[in-house]
Amino acid sequence: MPIFLAEIINRANRGTLTVGSSIGIAALMILTALIMMAGGVGGSYFGTKASVNFAADLRNDVYEKVQTFSFSSIDKFSTGSLVTRLTNDVTQMQNMVNMMLRMMLRSPGMLIGGIIMAIRLKPSLSLVLAVSIPILLISVGLLVYNGFSRFSRMQTKIDDLNNTVKEDITNIRVVKSFVREDHEEEKFKKANGELKDAGMNAMKIMIFMSPVMTIIMNLTTLAVIWFGGRIVLSGGMEPGDLSAFITYVTQILSSLMMVTMMFMMSSRALASAKRVGEVLDETTDLNDLYAAHPEKEVEEGTVEFKNVTYRYNKTSEEPVLDKVNVRIPAGATVGIIGSTGAGKTTLVSMIPRLYDPDEGQVLVDGVDVKDYSLYNLREGIGMVLQKNVLFSGSIAENLRWGDHDATDEEIRTVAQYAQADKFVTSFKDGYEHMLDQGGTNVSGGQKQRLCIARTLLKKPKILILDDSTSAVDTATEAQIRRAFREELSGSTKIIIAQRISSVMEADFIIVMDDGCITGVGSHNELLAGNTEYQEIYYSQMEKKEAK
């Protein structure tokens, strides 16, 4: 385009411009403009499409990776941080890819083409670029170097803000019950202020870059006009060629500026890419890649712990579980009781491989749990955790987590076993009653019973109840236990409880203290000869008598 414009100027200057020649050149300029427009629109469309698809694929990959995390891996990354990496960080990478496809392909072409055309017009005048371009590149390098650490810090502050918001909203009832709104507002203001400061600190690089680039561009243009004007006056160059040369210099510097903007954007995107890469590169310590019997399913429900030792912190001297040995026969009902922090939940969490022991073995049906595929192992085990979690959706949808093909009648049957049918049918929409996220619009006891019903619908060979009836009255709990005996007689039932009454009728009871098993036996046997069990029993009986 500058060459066409230079030709018109030069012909006019020489007095040789005719209507026919000007129309011909104008037609070529219009044709060139249309080709440029088609290329620009096409590049923008395909660049946007590719970057959006890239981001969608990356989010899927990260999310699938998170689904493979063990509890220890999840503990390593906070929830807020994972949310930021899946959303904000991936978006930064999407923007970078979009800019790369639109600018990093276009700008080098414009840069190289501009340099070639400028040298072709006047090689001696092109020496101006040999001074300005290195200065521009050095300035860009310094800015990008300083920007990377600042953008990394900004993304970390976004993590902190997300964590603060999630914690406050998730626990809003506790906040309100303790009248701690002011405290939470101050926490949010602090996190928000730190993000603002980190954001401003990072954006100062972007703010400073624009005037630096503009000054270099203007000085280069002035130098070209100064030296080029003298060449034109001496007759060594035509005015149209100088006009074209200035246009090419502007094109060259604009291309460099676009590349510079790309580098600045990439410094933030690279910080995000590093954080996303940490999730994708996380080594999942729980997998079934080396399972000896991946096709095997849980058929009977026998559970055995052999010299099991476990530490949450692998450098800790004191283990959470210390050389635990116990065998639970198939179909048995077993109670586990002990003081808080005794290791009860950690012990049963090893059956579905939520944790792996540091030493020893956990066997199901005589096979090491590591030799099962994770799917087959966990498909045969039903676990109601201490923290009862329900998802947004209808009650029926939540219960079908146990069996997505379950009929309405099957859902109602397990709800009756879990003593949940009565309160569910009291809702206007019954089993189609919509639950809020986390099941916050039902009571703690109702939530526990729904979680039990969901697990019963799975028809597991091993049922683990981790203090899952603590919010239920003793009469309702007794009815739930009776349903277990009658309807799940062939399943192994492991009940962790704080109340003696919850485990008194078990086939045998395991007493734990400080990561060790201190006694195994029936209620009467333990009451006669186990000190820890006696202390728990008499302390609870005294409280009952006091009432």
Side-chain angles (χ1 to χ4, degrees), residues 49-98 100 148 151-167 170 266-292 294-295 310-314 346 349-358 369-381 383 385 387 389-393 401 404 437-438:
K49 183 177 180 180
S51 63
V52 168
N53 286 332
F54 161 78
D57 290 343
L58 183 58
R59 284 193 196 96
N60 281 333
D61 290 342
V62 175
Y63 191 78
E64 287 175 8
K65 180 69 175 185
V66 172
Q67 295 303 308
T68 68
F69 279 4
S70 63
F71 279 10
S72 57
S73 295
I74 292 171
D75 293 341
K76 183 178 177 180
F77 299 94
S78 67
T79 305
S81 178
L82 288 173
V83 170
T84 303
R85 293 172 203 236
L86 270 163
T87 53
N88 187 280
D89 284 317
V90 172
T91 299
Q92 297 305 323
M93 295 174 69
Q94 174 184 333
N95 293 339
M96 183 184 72
V97 170
N98 191 15
M100 283 181 65
F148 184 80
F151 283 120
S152 294
R153 186 169 183 272
M154 187 174 78
Q155 294 303 113
T156 302
K157 293 303 176 182
I158 294 175
D159 283 351
D160 296 340
L161 185 68
N162 280 343
N163 280 326
T164 300
V165 172
K166 179 186 177 299
E167 185 177 47
T170 303
S266 68
S267 65
R268 182 175 185 182
L270 287 172
S272 294
K274 180 175 180 292
R275 288 157 48 80
V276 172
E278 288 173 350
V279 178
L280 292 173
D281 293 338
E282 173 69 10
T283 302
T284 306
D285 53 0
L286 290 175
N287 57 66
D288 51 15
L289 296 177
Y290 305 105
E295 74 291 338
Y310 181 75
R311 294 174 176 82
Y312 283 115
N313 184 348
K314 305 310 175 187
T346 305
S349 295
M350 290 185 175
I351 302 173
R353 285 195 75 194
L354 300 181
Y355 298 106
D356 272 344
D358 297 330
V369 291
K370 296 179 182 179
D371 290 331
Y372 284 89
S373 71
L374 287 173
Y375 177 85
N376 285 345
L377 176 66
R378 292 172 181 173
E379 188 68 13
I381 300 170
M383 191 169 185
L385 300 169
K387 186 177 180 180
V389 177
L390 296 170
F391 297 87
S392 54
W401 274 60
H404 58 82
Q437 185 177 10

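These values consider heavy atoms only, across backbone and side chains, with no hydrogens, waters or symmetry-generated copies.
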Visitor: Would Thr91 and Arg59 count as a side-chain contact (heavy atoms from CB on, under 4.5 Å) if you check the C-alpha gap in whole Å, the side-chain angles of each, and the deciding distance to 0.1 Å?
Guide: CA-CA 10 Å; Thr91 299; Arg59 284 193 196 96; 3.7 Å; yes

Visitor: Roughly how far apart are Ser272 OG and Asn95 CG, rounded to 0.5 Å?
Guide: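 Ser272 atom OG to Asn95 atom CG measures 9.5 Å (nearest 0.5 Å).
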
Visitor: Quick one: list whatever passes salt bridge (Lys or Arg N to Asp or Glu O under 4.0 Å) with Asp358, sequence neighbours left out.
Guide: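 Counting only residues at least two positions away or on another chain, Asp358 forms a salt bridge (Lys or Arg N to Asp or Glu O under 4.0 Å) with Lys314.
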
Visitor: If you compare all heavy atoms of Ala273 against all heavy atoms of Met93, which two are closest, and at what distance to 0.1 Å?
Guide: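 Distance-wise, the nearest heavy atoms are CA-SD, 3.6 Å.
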
Visitor: Just so I know, are the side chains of Leu280 and Leu58 near enough to count as touching, which here means a heavy-atom distance under 4.5 Å?
Guide: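 The answer is yes; the side chains approach within 4.5 Å.
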
Visitor: Of all residues at least two apart in sequence or in a different chain, which pass the side-chain hydrogen bond (donor to acceptor under 3.5 Å, both in side chains) check with Asn98?
Guide: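 side-chain hydrogen bond (donor to acceptor under 3.5 Å, both in side chains) list for Asn98, sorted by chain: empty.
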
Visitor: Report yes if the side chains of Leu385 and Met383 come closer than 4.5 Å at any heavy-atom pair, otherwise no.
Guide: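 In short, these two side chains touch, coming nearer than 4.5 Å.
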
Visitor: Does anything in residues 63-74 form a salt bridge (Lys or Arg N to Asp or Glu O under 4.0 Å)? List the pairs, not counting sequence neighbours.
Guide: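 Salt bridge (Lys or Arg N to Asp or Glu O under 4.0 Å) check on residues 63-74 returns no pairs.
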
Visitor: With side-chain contact (heavy atoms from CB on, under 4.5 Å) as the criterion, how do Met350 and Leu354 come out once you've worked through the C-alpha distance, each side chain's angles and the decisive distance to 0.1 Å?
Guide: CA-CA 6 Å; Met350 290 185 175; Leu354 300 181; over 6 Å; no

Visitor: If a pair satisfies salt bridge (Lys or Arg N to Asp or Glu O under 4.0 Å) and one of its residues is in residues 275-284, list it, with sequence neighbours excluded.
Guide: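 Those involving residues 275-284 are Lys76-Glu282, Arg85-Glu278, Asp89-Arg275, Asp159-Arg275, Lys274-Glu278.
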
Visitor: Which atoms form the tightest heavy-atom contact between Asp288 and Tyr372, and what is the distance?
Guide: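 So the minimum-distance heavy-atom pair works out to CB-O, 3.8 Å.
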
Visitor: Treating Asn88 as the side-chain partner and Thr84 as the backbone partner, does any N or O pair qualify as donor plus acceptor under 3.5 Å?
Guide: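 No; zero donor-acceptor contacts below 3.5 Å.
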
Visitor: Measure the acute angle between the ring planes of Phe391 and Trp401, then classify it against the limits of 30° and 60° as parallel, tilted or perpendicular.
Guide: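 Parallel, since the angle between the ring planes stays under 30°.
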
Visitor: With no hydrogens and no angle check, is any side-chain donor or acceptor of Asp371 less than 3.5 Å from a backbone partner on Ala291?
Guide: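 No, because the side chain of Asp371 does not come within donor-acceptor range (under 3.5 Å) of the backbone of Ala291.
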
Visitor: Just wondering, do Tyr63 and Leu86 contact through their side chains at under 4.5 Å, heavy atoms?
Guide: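 Yes, their side chains come closer than 4.5 Å.
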
Visitor: Kindly compute the distance separating NZ (Lys157) from CG (Leu161), expressed to the nearest 0.5 Å.
Guide: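 With rounding to 0.5 Å, NZ (Lys157) is 10.5 Å from CG (Leu161).
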
Visitor: Can you establish whether the number of heavy atoms outside Arg153 located under 6.0 Å from its atom CZ is more than 12?
Guide: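 Open: at most 12 neighbouring heavy atoms sit under 6.0 Å from CZ of Arg153.
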
Visitor: So, taking the atom named OG1 in Thr87 and the one named CD in Gln92, what distance separates them when rounded to the nearest 0.5 Å?
Guide: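 Spacing of OG1 (Thr87) from CD (Gln92) equals 10.0 Å.
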
Visitor: Applying salt bridge (Lys or Arg N to Asp or Glu O under 4.0 Å), can you list everything that pairs with Arg353, at least two apart in sequence or on another chain?
Guide: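 Testing Arg353 for salt bridge (Lys or Arg N to Asp or Glu O under 4.0 Å), a comparison that skips the adjacent residues, returns Asp356.
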
Visitor: Hey, does Phe77 have a side-chain heavy atom less than 4.5 Å from the side chain of Val66?
Guide: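 No, too far: nothing below the 4.5 Å cut-off.
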
Visitor: Kindly check if the number of other-residue, nucleotide or ligand heavy atoms within 6.0 Å of OH (Tyr375) is above 12?
Guide: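 Open.
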
Visitor: Asn376: what forms a side-chain hydrogen bond (donor to acceptor under 3.5 Å, both in side chains) with it, not counting sequence neighbours?
Guide: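 Asn376 satisfies side-chain hydrogen bond (donor to acceptor under 3.5 Å, both in side chains) with Ser373 only.
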
